[in-house]
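Quick notes on the structure that follows.
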Amino acid sequence: MQGDFERHIQRMVELGAEAFPARLPADIDDADGLIIPGGESTTIGKLITQYGVDDAILRAHQAGKPIYGTCAGMIVLAKEISVGSEEKGGQRKLGLLDIRVARNAFGRQVDSFETMIDIPAITGNDGPPIHAVFIRAPIVESAGPAVNVLGRHAGNIVCVRQGTILGSSFHPELTTDDRVHRYFLSMIAER
Ligand code: GLN
């Protein structure tokens with residue numbers, strides 16, 4: 001609906017998956033999994049509510065379909081947003097991922113940066129770290145007991161998994177490192 005969905009689609013197609021943009025509830029009903037891209041979480045929240053895509057996402061989750069939220073997408077999936085949702089009435093959250101996130105949490109001077117993150121669950125113990133691009137990225141301030149912390153940057157949680165839900169503060173679709181998308185595809189294959 002909004003944000004960096006084209007790169008995700010391109011990456012999934014490169015990896016041999018059939019991928020398409022999800023704009024309407026029926027698109028999500030037809031899919032085996034869903035990526036909610038980075039972008040602007042307040043806008044994504046408004047649009048998914050307006051088009052009934054929020055309910056389709058909840059249905060998909062109920063059906064056990066894996067969902068991956070990158071950056072703004074992870075914010076939309078979160079149970080709690082501690083900073084940056086002070087607008088009237090707050091912003092739409094799906095509450096599927098038991099985390100508290102702070103938006104734009106790496107500071108305004110450092111709008112974006114790239115770094116390498118150790119994520120053994122994805123790379124294996126011997127694999128090189130994941131190339132990660134952060135753009136006005138959120139930090140996961142706390143995570144509930146059902147959440148596995150997969151990766152951290154400077155001590156801050158930036159990659160999580162809770163059952164069939166994967167979340168990252170960073171954008172793997174902006175690099176040539178395809179391992180996070182491969183991992184998400186394997187979650188879909190498992191189902
Ligand atoms: N700052 C955005 C938000 O709070 C997220 C940025 C991104 O997705 N790259 O929604």
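Atom set for the values below is all heavy atoms of this structure, side chains included, hydrogens, waters and symmetry mates excluded. Note that ligands are numbered from 1 as they come in the structure, with each ligand's atoms numbered from 1 the same way.
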Inset, instruction - Check the surroundings of atom CD in Glu190: do more than 12 heavy atoms from other residues, nucleotides or ligands lie under 6.0 Å from it? - result: yes
Inset, instruction - Just jot down the salt bridge (Lys or Arg N to Asp or Glu O under 4.0 Å) partners of Arg152, sequence neighbours excluded, or say none. - result: none
Legend entry - Greater than 12 external heavy atoms within 6.0 Å of Tyr51's OH: no
Legend entry - Neighbour count above 12 (heavy atom, 6.0 Å) for Gln10 CD: yes
Inset, instruction - Anything under 30° is parallel, anything over 60° is perpendicular, the rest tilted; go ahead and classify Phe134 against His153. - result: tilted
Inset, instruction - At a heavy-atom distance under 4.0 Å, which protein residues reach ligand 1? Sort them by chain and number, would you? - result: Gly38, Gly39, Glu40, Ser41, Cys71, Ala72, Ile75, Arg103, Asn104, Ile135, Arg136, His171
Inset, instruction - Look at the aromatic rings of Tyr68 and His8 and report parallel, tilted or perpendicular, splitting at 30° and 60°. - result: perpendicular
